[in-house]
Student: 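This is the structure I want to talk about, given as structure tokens.
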Amino acid sequence: MTIATAHYLSPIGTFIIKMSSLGIQSVQWTEEKMSKKIPKELEECVAQLEEYFQGKRQKFTIPLDWSNGADFDKKVWQYLQEIPYGKTVSYSQVAKDIGLPKAVRAVGAANARNPIPIIVPCHRVIGKNGSLVGFAYGLDMKARLLSIERPLEFGKQVSLF
């Protein structure tokens with residue numbers, strides 16, 4: 001059950017953040033350009049997101065609620081949290097590292113179902129050939145997020161959009 005909701009206007013767009021009694025349930029991008037008062041329960045989440053967008057935070061330390069995820073999805077999302085800031089891995093590498101090397105498409109599907117992007121950094125998963133592929137909010141948004149973490153490498157790609 002959701003106990004708090006906030007619209008957070010970030011440098012890359014507006015996100016709707018939802019929280020349950022267990023932790024953050026979702027961070028979903030929206031085309032709405034609004035910001036409302038942040039409920040007290042979500043202040044720490046917003047503070048950590050702001051630090052991330054300023055390049056000051058490399059890992060999030062807020063509780064998460066994955067209770068709606070399937071076991072496989074949770075396994076992938078847990079792995080995503082271990083990808084170091086500024087690093088990228090391929091979908092096939094994720095599949096291999098979680099012990100299911102043939103589950104590349106399933107890894108991609110789990111990434112697509114990730115309800116907490118940015119905090120659970122699915123944007124750090126790229127194609128085997130190094131290309132930016134597969135992001136629920138589009139490749140422009142993926143490039144923007146990666147440019148925060150690696151501006152010299154991905155900043156040029158963002159300027160093309």
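When a residue number appears, it is its place in the shown sequence, counting from 1.
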Student: Is a donor on one side and an acceptor on the other found under 3.5 Å between the side chain of Y91 and the backbone of G134?
Tutor: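 Flag set: sc Y91 to bb G134 pair under 3.5 Å.
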Student: Quick one: pull up CZ in F15 and CD1 in I119 and give me the separation to the nearest 0.5 Å.
Tutor: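 The CZ atom of F15 sits 9.5 Å away from the CD1 atom of I119.
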Student: Testing the basics here: between A106 and F72, what is the closest heavy-atom pair and its distance to 0.1 Å?
Tutor: O-CE2, 3.4 Å
Student: Yes or no on side chain to side chain contact (heavy atoms under 4.5 Å, CB included) for Y137 and Q28, after CA distance, side-chain angles and deciding distance?
Tutor: CA-CA 9 Å; Y137 301 123; Q28 301 296 314; 2.5 Å; yes
Student: Are M19 and I16 connected into the same hydrophobic cluster when the rule is that any two of I, L, V, M, F, W, Y join if their side-chain heavy atoms are below 4.5 Å apart?
Tutor: no
Student: Are E51 and K56 ion-paired here, with the side-chain N under 4.0 Å from a carboxylate O?
Tutor: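 Between K56 and E51 there is no salt bridge, as every charged N stays at least 4.0 Å from the carboxylate O atoms.
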Student: To the nearest 0.5 Å, what is the distance between CE (M1) and CG (L22)?
Tutor: 11.0 Å
Student: Between E82 and K59, which heavy-atom pair has the shortest distance, and what is it?
Tutor: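 Minimum heavy-atom contact is OE1-NZ, 4.2 Å.
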Student: Keeping R124 on the side-chain end and I83 on the backbone end, is there a donor-acceptor pair under 3.5 Å?
Tutor: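 At least one qualifying donor-acceptor pair exists.
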Student: For a 4.5 angstrom cut-off between non-hydrogen side-chain atoms, does S10 reach T14?
Tutor: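 No; the side chains remain at least 4.5 Å from each other.
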Student: How close do L145 and H123 get, heavy atom to heavy atom, and via which atoms?
Tutor: CB-CD2, 3.7 Å
Student: Would you check if the side chain of Q48 reaches a backbone N or O of T61 as a donor-acceptor pair within less than 3.5 Å?
Tutor: yes
Student: Could you grab the distance from atom CZ of R113 to atom NZ of K74, nearest 0.5 Å is fine?
Tutor: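 Answer rounded to 0.5 Å: 12.5 Å.
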Student: Can you confirm whether I126 sits close enough to V89 that some side-chain heavy atom of one is under 4.5 Å from a side-chain heavy atom of the other?
Tutor: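 Result no, sub-4.5 Å side-chain heavy-atom pair not found.
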Student: Could you go step by step and tell me if D71 and K75 meet the salt bridge (charged side-chain N to carboxylate O under 4.0 Å, His left out) rule?
Tutor: CA-CA 6 Å; D71 289 343; K75 188 173 192 170; over 6 Å; no
Student: Considering only heavy atoms from C-beta outward, does the side chain of F60 approach that of V120 to under 4.5 Å?
Tutor: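 F60 does not reach V120 side chain to side chain.
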Student: How close do C45 and I62 get, counting heavy atoms only, and between which atoms?
Tutor: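 Where C45 meets I62 most closely, the heavy atoms are SG-CD1, 3.7 Å.
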Student: Closer than 3.5 angstrom, by distance alone: can the side chain of S131 be matched with the main-chain N or O of V133 as a donor-acceptor pair?
Tutor: no
Student: Does some side-chain heavy atom of Y8 sit less than 4.5 Å from a side-chain heavy atom of E50?
Tutor: yes
Student: Taking K128 for its side chain and S92 for its backbone only, find out whether a donor-acceptor pair lies under 3.5 Å.
Tutor: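 No, because the side chain of K128 does not come within donor-acceptor range (under 3.5 Å) of the backbone of S92.
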Student: For residues G13 and W29, report the shortest heavy-atom separation together with the two atoms involved.
Tutor: CA-NE1, 3.9 Å
Student: Are any of the side-chain heavy atoms of I17 and I38 separated by less than 4.5 Å?
Tutor: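 Counting from C-beta outward, I17 and I38 never come under 4.5 Å.
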Student: Answer yes or no: is there a side-chain heavy-atom contact under 4.5 Å between Y85 and Y52?
Tutor: yes
Student: Without swapping roles, check the side chain of W77 against the backbone of A110 for a donor-acceptor pair under 3.5 Å.
Tutor: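 Checked: pair present.
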Student: Does L132 offer a backbone N or O that forms a donor-acceptor pair with the side chain of K142 under 3.5 Å?
Tutor: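 Not at all, since once roles are kept as given, no pair shorter than 3.5 Å links the two residues.
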Student: For residues K18 and V27, determine if any side-chain heavy atom of one lies less than 4.5 Å from a side-chain heavy atom of the other.
Tutor: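 The answer is no, as the side chains (C-beta and beyond) never meet within the 4.5 Å cut-off.
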Student: Would you call Q81 and L64 a side-chain contact if the rule is heavy atoms closer than 4.5 Å?
Tutor: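 They are in contact (side-chain heavy atoms under 4.5 Å apart), so the answer is yes.
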Student: Between CD1 of I24 and CD of E41, what distance do you get to the nearest 0.5 Å?
Tutor: 10.0 Å
Student: Would you confirm whether D73, through its side chain, and N114, through its main-chain N or O, come within 3.5 Å as a donor-acceptor pair?
Tutor: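 No; judged by distance alone, with no hydrogens or angles, the pair does not exist.
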